[in-house]
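Bear in mind that the values here come from a model prediction, so they are computed numbers and not experimental data. Note that these values count all heavy atoms, side chains included, but never hydrogens, waters or copies made by symmetry.
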Amino acid sequence: MDTSNPAAFVNAQLLSNFIGKKVRTVVQVNQSHGGVTTAKSTDNQQLTVTGLPPVPLMNFVEVIGIAENNNSINAEIWTDFGNTFDTNSYNQLCLLANGEFKGLFL
């Protein structure tokens, strides 16, 4: 496992702090067309993900990739989590990983 360039846990609100850096997030796919996916983040904001293969609509996907701007990620790795996922718990994890317990994650 390569630990030299860890991916920060983010939701849409935190994405702007990591532009140009590797991030990890979970999104729910709303629309996918031509390699561009529109999805809802765990904090209920819209994100655009490029580089995802076709994923069933409404499925949750973990995306690891480079934050391109405030609302876009270029996916390098993805995992389809299916159609059920606890978004509230993941959102809380993102807040903890970038707040009080940041030292444990990066």
| remark: In this structure, NZ of K22 is separated from CD1 of I73 (nearest 0.5 Å) by 13.0 Å

| field | Contact check, side chains of T38 and Q46, non-hydrogen atoms, under 4.5 Å | value | yes

| task | Determine the minimum heavy-atom distance between I66 and E76, stating which atoms define it. | result | CG1-OE2, 3.5 Å

| said: When you compare the side chain of F85 with that of T87, does any pair of heavy atoms fall below 4.5 Å? | reply: yes

| query | Does a side-chain heavy-atom distance below 4.5 Å link R24 with E62? | reply | yes

| Taking atom OG1 of T84 and atom CD of Q28, what is their separation to the nearest 0.5 Å? | 10.5 Å

| query | Would V36 and V27 show up in the same hydrophobic cluster when neighbours are defined by side-chain heavy atoms closer than 4.5 Å? | reply | no

| task | Verify the cluster assignment for I64 and L47: are they in a single hydrophobic cluster under the rule of side-chain heavy atoms below 4.5 Å apart? | result | no

| Run the side chain to side chain contact (heavy atoms under 4.5 Å, CB included) check on F105 and L93 step by step: do they pass? | CA-CA 10 Å; F105 292 90; L93 172 65; 3.7 Å; yes

| Can you hop from F101 to Y90 via hydrophobic side chains spaced under 4.5 Å? | yes

| task | Run the ring-centre check on F81 versus F60 and record whether the distance is less than 6.0 Å. | result | no

| message | Is there a side chain to side chain contact (heavy atoms under 4.5 Å, CB included) between V61 and L52? Walk through the geometry before answering. | response | CA-CA 9 Å; V61 180; L52 279 182; 4.2 Å; yes

| message | With rounding to the nearest 0.5 angstrom, report the OG to CG distance, S41 to N91. | response | 7.5 Å

| query | Going through the checks in order, is the side chain to side chain donor-acceptor pair (under 3.5 Å) test met by N83 and N59? | reply | CA-CA 4 Å; N83 60 8; N59 272 22; 5.0 Å; no

| message | If you compare all heavy atoms of F9 against all heavy atoms of C94, which two are closest, and at what distance to 0.1 Å? | response | C-SG, 4.1 Å

| remark: Tested for side-chain contact (heavy atoms from CB on, under 4.5 Å) against L15, the lone hit among V23, D43, N70 is V23

| Where do I19 and E68 come nearest, in terms of heavy atoms and distance? | CG2-O, 3.6 Å

| remark: What one should report as the nearest heavy-atom pair of S32 and L57 is N-CD2, 4.3 Å

| said: Testing the 3.5 Å rule here: is there a donor-acceptor pair between the side chains of N74 and T50? | reply: yes

